[in-house]
Amino acid sequence: MDLKSSINLPKTSFPMKANLPQNEPKTLARWEEMGLYHRIRQARKGAKQYVLHDGPPYANGPIHLGHALNKCLKDFVVKSKNMAGFDAPYIPGWDCHGLPIEIKVDQKLGGKKLQMQPLDVRLECRKYAKKFLDLQREQFKRIGVVGRFEKPYSTMTPEYESVVLATFYNFFEKGFVYKGLRPVYWCMHDRTALAEAEVEYETHTSPTVWVKYKLQSDPRTIDPALADARIHKDKPVFTIIWTTTPWTLPASLAVAFHPDEEYVALEATDGIYIVAEKLAKNVAAKCGFPDAPVIASFPGRLMENTWFYHPFLPWERRKVLGVVADYVTMDTGTGVVHTAPSHGAEDFATGVRYKLDPTCEVDSAGRIQNGLPEYDGLLVFKANPVIIELLKSRGALLHEEKVEHSYPHCWRCHNPVIFRATEQWFISMETPMGGGTFRTRALEEIKKVKWDPAWGEERISNMVDTRPDWCISRQRVWGVPIAVFVCTECKKPLNDPAVNKKVVDLFATKGADAWYTREADTLANGAKCPCGGGSFQREADILDVWFESGCSYLVEVEHEANYPWPSDLYLEGGDQYRGWFMSSLLCSIGAKGSTPYKSVATPGWTLDEQGRAMSKSRGNDVDPADIANRLGGEIVRLWVASVDFREDVVGSENLMQRIAENYRAVRNNLFKNCLGNLYDFTADKAVPFEQMPAIDQYILRLTAEVAADVARWYEEFAFHKIYQRVNHFCTVELSAFYADIVKDRLYTYAPNSLGRRSAQTALWRICEAMVRLLAPIMSFTCDEVWQYLGAIQAREESVHLAKFPSAADVLGSSSVSTEDAQQLQEWTTLRSVRDQVLKALEEARNQKQIGKSLEAQVKLIASDAMYPVLERHRDELRYLFIVSQVTLEKSPSGNGTNPLTVEVSKADGQKCDRCWNYSVHVGEDKEYPTVCERCSAVLNEWSLAGKA
RNA sequence: GCAGGAUUAGCUCGAAGGUCGAGCCCGCGAUCGAUAAUCGCGAGGUGUUGGUUCGAUUCCAACAUCCUGCACCA
């Protein structure tokens, strides 16, 4: 008889090699065909809801690893919630409007754009956004993300745009909105405001001048020494400013000093000059009084609220105020900064603090208006030399140089740009609201949210607390227009709810494009401006895209049946504290009075192996689509699960390879091993827990513990703990321990024996538990395993329709206690004994005493404490150690130093040809002369069964 | 500059005021009945400098390096 054919070797068509890149698309097709997402919705209908609201990625390129991290995490959350029994929908979204796309389209269109109608430009932008929405959608699906992809939300649809506009009107009608000045980058050539992203820094040669401003105030208020010098020697007091933009001097309204830096007064022949101490030497040298002595020294704050004469404008027309500002630096210039509120962001802020007039006297073409005859009407750069001459003629110019520095230029026409204060729309953070202000309400709402990690609360609170009013207007085309009519008489915006309602309705049917058609004009027909005017113009500005995306959950609640308010979770990168988390909070408080999210989770940034931020331009990026194509989408998912996403995460080719190795361990040690040994098993053959050998009970209790941990970790979003624990379970507990030991029973026992069926039952229950527990992460593989498990017991069509296992599922009965402290204690001891035995076997192996462990026998000499446990499991020990014989002895009492001694020697008897154990009984059975007593029993039973 | 975060084995992680630990990687070996698998053994670590403490990788302070967001370059 062929002994080998009497062995129950594992058998399965579940391939060791996953071939993920080839097989995953087939799985995706199957999910698509069965309508998996909607089947899950159906299956959970009526259950408690859990809504993760998707933050919309920007549709302007293929996905990067950060996107993959983000979407996989969300997929883990959504799938695990569904499997925990919640009704957890997932509607992905895209952010489609905004500057980056408009810039790309601009580049494509070139000069043509300036001749095109807004509607045509918008159509081009729409096509561009759609292209990348479609691409990203396919890429997200490819890495196994399941959601309502056929009907996502997108910020460029009529239903979305109309809610955005309605939300804006809500702010507008309640008095949150005002128009005001703000400095922006301005291209004189193209006559347009530029965004930061449209500014390129190029080298530019500028004149640079040192200009003196004469003090008008009484110098004694600053320092008596100044007064003494002045009175005794009749010298005027000056300060000196330094600038590279002489054309801004007509707008000079203040000179700024650093409050805490030390300033000195230098006595030159023609006057006394106040400059920063740290720069005094340099300034004095340049300005022609290198040896002027210091006659006074004082902190800059004493200069606050002093007055100076303007270098060329008369006192009646211009008074220059001394101010203090923290941004004044001591590395270049004079330590005194000329301040023109209409021509710089910091200057503007200073202007606000000191109530300086920010009116801009430079028009959209870059010409100075309302100036002195010398420079009136000149383009700013043309005005530079003229103003320098003017300074000279007034005796205000101390020094002049040319300087090469990097200066902002227009990305399109490459002309230098200027800063210019322009009219913009704002939402005031100080709008009165609910007993406080918009800002204080926002701060209160922040406290109601669970921030994860916890520092998020402090971070966003700081930002909301200090942020300026929200500038919501952009001089752009690709977005939702600020659809307001402006009175042609008084230039004031019309705020008529009836008209507003009509515009929203129009947007709801025809989209925001309708604003750019004649039809829009008719909406204001019959309306009256409070000034009496009845003719209106359409406002051309569009809304900040953050305002749009901030409305996303308002849109969902408006359009999805029974969506809860607020949502359960927002999950986005740390850059969204200032972005989407904030804009969503503000829009929702404005519209509904409360936060749109119960909790917010924040993954870290994706870095390369050197810890540098990943970026395409740097070339250190890992492309998730490429990994999916070469290694499998499952590997991307597993990588996401492996890292602690709350910190910055590292991604690299190397790491992905590592993950792929780990994947194989789970696939083989867990799934293939289980399936291979279950080929002749069905659910009705399962052995009840009470009848199982101790080790089978032990491994099932261990599995139940893992199941409980994993379920808890899903709730905590601690996916990396799941990854680590499952890995450990598969390799150490299951493969190296249980599976290795139980092989003997599975292979050599009679197929239907209790021992074999029990081991199969254990493997089956482990497999059933793990396939469910891992499904949210290893979505492809678990679904694949699921198909194989169908042969054992009927089940749902996809694992993603199933629920997580309970302890009773794992143990096979609800009457079995989950924990057995004594059993656990015993097995901890047994495993540590096993470790010592394995060590001893290795030594014997190194000394060439044995090869495989079955060639050995082991003698254990145990202390009084250890002995009873070993005694109780005496008959199992040889299987536990995978040796042929074990003898157990008590160590002589009194010798308490060594709890256990292990002695290894060659096994007695001969090797059984069938089970490879050594036995002194080999040859006793005449029928099967090369076989041990265990195998002969099996074989006899077998032939008996054969006869019957 | 402001705000927030990080630093533990080659990599990814976990724990904790009391000899840190896991998996992977690596080295050596076993096996060839889970075989492009499986098993065993081994090697290897708390950023720097101070402080609190009997004891600090953990608590505190400073420094360094890195990451994110914001501001700024007159």
Side-chain angles (χ1 to χ4, degrees), chain A residues 4 7-12 16-17 201 208 241-245 248 256 325-329 331-334 336-340 343-347 349 405-408 419 453 455-456 458-463 466-467 573-579 602 604-607 609-613 639 642-644 646-650 652 654-655 657-659 661-662 664-665 667-669 672-677 718 720-721 723-732 735-737 739-740 743 746-748 835 837-839 841-843 845-846 850-855 882 914-916:
Chain A
K4 189 147 177 169
I7 306 258
N8 316 302
L9 291 179
K11 205 187 300 176
T12 177
M16 170 148 52
K17 200 163 175 228
Y201 284 79
T208 153
I241 64 94
W242 172 79
T243 182
T244 54
T245 51
T248 62
D326 290 334
Y327 57 79
V328 177
T329 57
D331 44 298
T332 50
T334 64
V336 187
V337 176
H338 132 68
T339 300
H343 296 299
E346 292 189 323
D347 296 27
H405 61 151
S406 93
Y407 187 87
F419 246 110
W455 50 255
E458 194 189 341
R459 185 154 175 207
I460 194 164
S461 291
N462 276 333
M463 287 177 174
T466 58
R467 68 159 294 154
D575 51 337
Q576 299 304 335
Y577 281 98
R578 189 162 290 270
T602 308
W605 218 247
T606 50
L607 311 177
E609 278 180 314
Q610 277 74 46
R612 294 172 311 187
W639 168 77
S642 75
V643 295
D644 180 1
R646 274 160 255 250
E647 310 291 348
D648 290 345
V649 300
V650 173
S652 68
N654 222 337
L655 203 42
Q657 296 288 353
R658 209 56 83 66
I659 299 287
E661 294 289 329
N662 270 305
R664 258 169 257 163
R667 186 178 179 90
N668 287 320
N669 290 337
K672 184 159 200 281
N673 183 242
C674 287
L675 292 173
N677 284 300
H720 61 294
K721 290 188 188 172
Y723 177 88
Q724 296 280 340
R725 185 70 186 85
V726 165
N727 237 305
H728 190 266
F729 177 76
C730 290
T731 55
V732 179
S735 186
F737 176 69
D740 209 27
K743 260 195 299 196
L746 286 165
Y747 295 177
T748 69
D835 285 341
V837 171
L838 291 177
K839 215 163 270 186
L841 287 170
E842 183 66 18
E843 273 170 38
R845 199 160 15 234
N846 288 338
I850 57 165
K852 64 161 66 182
S853 58
L854 285 175
E855 291 166 21
I882 318 183
R914 186 167 174 275
C915 71
W916 296 348

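Numbers restart at 1 for each chain; the letters A, B, ... are given by sequence-line order, proteins then strands. All values reported here derive from a predicted model rather than from experimental measurement.
Counting distance only, with no hydrogens placed and no angle test, the side-chain atoms of A:S735 and the base atoms of B:A34 include a donor-acceptor pair under 3.5 Å.
Take the nearest nucleotide of RNA chain B for A:E661 and for A:G333: the residue whose nucleotide is more 5' is A:E661. Comparing A:W916 and A:L655, the nucleotide of RNA chain B nearest to each residue sits closer to the 5' end for A:L655.
Within the 4.0 angstrom heavy-atom criterion, no nucleotide atom of any strand lies near A:R667. Contacts of A:W242 with the nucleic acid, taken as non-hydrogen atoms under 4.0 Å apart, include base atoms. Using a 4.0 Å heavy-atom criterion, one finds that A:N668 contacts the bases of the nucleic acid, with or without backbone contacts as well. Residue contacts for A:G676: at a heavy-atom cut-off of 4.0 Å it reaches no nucleic acid atom on any strand shown. Across all strands shown, A:K17 has heavy atoms under 4.0 Å from base atoms, whether or not it also approaches the sugar-phosphate.
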Q: Could you check A:Y747 against A:N677 for side-chain contact (heavy atoms from CB on, under 4.5 Å), going step by step and ending with a plain yes or no?
A: CA-CA 9 Å; A:Y747 295 177; A:N677 284 300; 3.6 Å; yes
**Q.** Evaluation steps, salt bridge (Lys or Arg N to Asp or Glu O under 4.0 Å), between A:R845 and A:E842
**A.** CA-CA 5 Å; A:R845 199 160 15 234; A:E842 183 66 18; 3.3 Å; yes
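The phosphate of B:G33 (OP1 or OP2) has a side-chain N or O of A:K4 nearer than 4.0 angstrom. Look at A:K11 and you won't find any side-chain N or O under 4.0 angstrom from OP1 or OP2 of B:G33. At least one side-chain nitrogen or oxygen of A:Y747 sits closer than 4.0 Å to the OP1 or OP2 atom of B:A34. Between A:K721 and B:C13 there is no side-chain N or O to OP1 or OP2 distance below 4.0 Å. Side-chain nitrogen and oxygen atoms of A:H405 include none within less than 4.0 Å of the OP1 or OP2 phosphate oxygen of B:C73. A close approach under 4.0 Å does not occur between any side-chain nitrogen or oxygen of A:N677 and OP1 or OP2 of B:A34.
When distances run from any side-chain atom of A:H720 to the nucleotides B:G69, B:G14, B:C72, the shortest one goes to B:G14. Between B:C72, B:G40, B:U68, one nucleotide has an atom nearer to the side chain of A:A736 than all others, and that is B:G40. For A:E842, the listed nucleotide lying nearest its side chain is B:G29; candidates were B:U31, B:C67, B:G29. Residue A:R845 places its side chain closer to B:G29 than to any other of B:G5, B:G29, B:G23.
Nucleotide B:G18 is matched to B:C54 when pairs are restricted to Watson-Crick or G-U wobble geometry with both distances under 3.5 angstrom.
Rounding to the nearest 0.5 angstrom, the gap separating the CZ atom in A:R578 from the CZ atom in A:R459 is 9.0 Å.
We find that CG of A:N662 is positioned 16 Å from P of B:A22, with the value rounded to whole Å.
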